[in-house]
Amino acid sequence: MAIFLDDNSKVIVQGMTGSEGMKHTRRMLKAGTNVVGGVNPRKAGTKVDVDGTSLPVFASVQEAMAETGANVSVVFVPPAFCKAAVIEAVDAEIPLAIVITEGIPVHDSVAFWNHAEANGNKTRIVGPNCPGIASPEKSNAGITPADITGSGPIGLVSKSGTLTYQLMYELRDIGFSTSVGIGGDPVIGTTHIDCLQAFQDDPETKAIVMIGEIGGDAEERAAEYIKANITKPVVGYIAGFTAPPGKTMGHAGAIISGSAGTADAKKEALEAAGVKVGKTPSETARLMREVIENL
């Protein structure tokens, strides 16, 4: 099985006709994703040929859902227009909106997240500034490379895109049920905790890799949740062990102050919850191999 995204998912792409949207629509189709159309009000009613697949362009998410039965939207809209695009998806009550766009102002992310909550959280938002969701050999919605791993018993949730790809590659001989890139911005939709519980409930996910990074307290909160609710083995990795305090490191959310939000503090919290934590991606992969061998 998989979480959030599977071979029954019907995907639309908001911003499909833009350069990034088109490039990754092509990659998603090649990966076997059931992309059923795109959304661009200025090109509504047209069709786009993507390597021999003819995809209709709709005026709105609501129209696309009505015409195709779409239940997933992948958002490649430029930052200035992304808030409106996500709010449109939420208003249409699409079950899953994956926001790939980076550089979205934090107040815009707050606005569309609050709008989703006010709408009863009928739309799961993943991101923004994330690589998306990949359920190998089933569906791939976003920018995660589709050829680095096959399906298997490991579930992965990560703030970092590149570290997601590295862990998937290092454990490619074992394989993954689903990889969820949640993004590293200060305000995101789906969290580590949401994914941990979904993997816990998925009978085919046997072990979980959780990738975090310095800054904030998301990993500490995840550690508390793991201790109280997760019975499957979890292996963790925290990016930023050598980062200097007070510096922004890559993601906008990766800022540490004093002892709060440091890699060591997060490692300590996770280990107290029974999580094995690697100090490098390779060590993390080795720890996961040991877990799988002992299942």
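In this text, all values refer to a predicted model and were calculated from it rather than measured experimentally.
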Ignoring hydrogens and geometry beyond distance, is a side-chain donor-acceptor pair present between [X] and [Y] at under 3.5 Å?
X: Q197; Y: D201; answer: yes
X: S73; Y: Q14; answer: yes
X: S135; Y: T178; answer: yes
X: S60; Y: E88; answer: no

Checklist entry - Going through the distances and angles, do N119 and E93 end up as a side-chain contact (heavy atoms from CB on, under 4.5 Å)? => result CA-CA 8 Å; N119 204 50; E93 298 184 1; 3.8 Å; yes
Please report, to 0.1 Å, the donor-acceptor pairs under 3.5 Å made by any side chain of residues 39-47, with sequence neighbours excluded.
from : atom 1 : to  : atom 2 : distance (Å)
N40  : OD1    : R42 : N      : 3.0
N40  : ND2    : T17 : OG1    : 2.7
T46  : OG1    : K43 : O      : 2.6

Where the side chain of [X] meets the backbone of [Y], is there a donor-acceptor pair that is under 3.5 Å apart?
X: T68; Y: A64; answer: yes
X: N71; Y: K10; answer: yes
X: D6; Y: A2; answer: no
X: D264; Y: E268; answer: no
X: T284; Y: T280; answer: yes
X: T123; Y: I94; answer: yes
X: D194; Y: T191; answer: yes
X: K232; Y: Q200; answer: yes
X: E67; Y: E63; answer: no
X: T25; Y: M16; answer: no

Give a yes or no on whether [X] and [Y] share a hydrophobic cluster (residues Ile, Leu, Val, Met, Phe, Trp, Tyr; joining criterion: side-chain heavy atoms under 4.5 Å apart).
X: V99; Y: V11; value: no
X: L167; Y: V275; value: yes
X: V74; Y: V86; value: no
X: V180; Y: I125; value: no
X: I104; Y: V77; value: yes

Locate the shortest heavy-atom distance separating [X] from [Y]; write the atom from each residue and the value.
X: C130; Y: G181; value: CB-O, 3.1 Å
X: M288; Y: I208; value: CE-O, 3.5 Å
X: P79; Y: G103; value: CB-O, 3.5 Å
X: V50; Y: R26; value: CG1-CA, 3.8 Å
X: M65; Y: A70; value: CG-O, 3.6 Å
X: P56; Y: S54; value: CD-O, 4.0 Å

Checklist entry - Should side-chain heavy atoms under 4.5 Å link Ile, Leu, Val, Met, Phe, Trp and Tyr, which residues sit in the same cluster as M1? => result none
Item to check | Whichever hydrophobic residues join F58 through chains of side-chain contacts under 4.5 Å | outcome: none
Would you mind reporting whether [Y] and [X] have side-chain heavy atoms less than 4.5 Å apart?
X: I98; Y: I100; answer: yes
X: P145; Y: R27; answer: yes
X: I292; Y: N294; answer: no
X: I193; Y: I226; answer: no
X: N121; Y: W113; answer: yes
X: P131; Y: T144; answer: yes
X: P281; Y: L163; answer: yes
X: V13; Y: F76; answer: yes

Euclidean distance, [Y] [atom2] relative to [X] [atom1], rounded to 0.5 Å:
X: C82; Y: I87; atom1: SG; atom2: CD1; value: 10.0 Å
X: I211; Y: L156; atom1: CD1; atom2: CG; value: 4.5 Å
X: R286; Y: L171; atom1: CZ; atom2: CG; value: 12.0 Å
X: T149; Y: E170; atom1: OG1; atom2: CD; value: 11.5 Å
X: L196; Y: N229; atom1: CG; atom2: CG; value: 9.5 Å
X: N34; Y: L29; atom1: CG; atom2: CG; value: 8.5 Å

Tell me whether [X] is salt-bridged to [Y], with the criterion being a basic N under 4.0 Å from an acidic carboxylate O.
X: E219; Y: K159; value: yes
X: R289; Y: E293; value: no
X: K23; Y: E20; value: yes

Next on the checklist: Evaluate S177 against F199 for side-chain contact (heavy atoms from CB on, under 4.5 Å), listing each step before the verdict.
Outcome noted: CA-CA 9 Å; S177 56; F199 285 131; 3.8 Å; yes
Checklist entry - What do the steps show when you test V209 against Y237 for side-chain contact (heavy atoms from CB on, under 4.5 Å), and what is the final call? => result CA-CA 8 Å; V209 174; Y237 172 64; 5.9 Å; no
Item to check | Worked verdict on I12 versus V35 for side-chain contact (heavy atoms from CB on, under 4.5 Å) | outcome: CA-CA 6 Å; I12 56 172; V35 180; over 6 Å; no
Next on the checklist: Atom CZ of residue position F81 - does it have more than 12 heavy atoms of other residues, nucleotides or ligands inside 6.0 Å?
Outcome noted: no
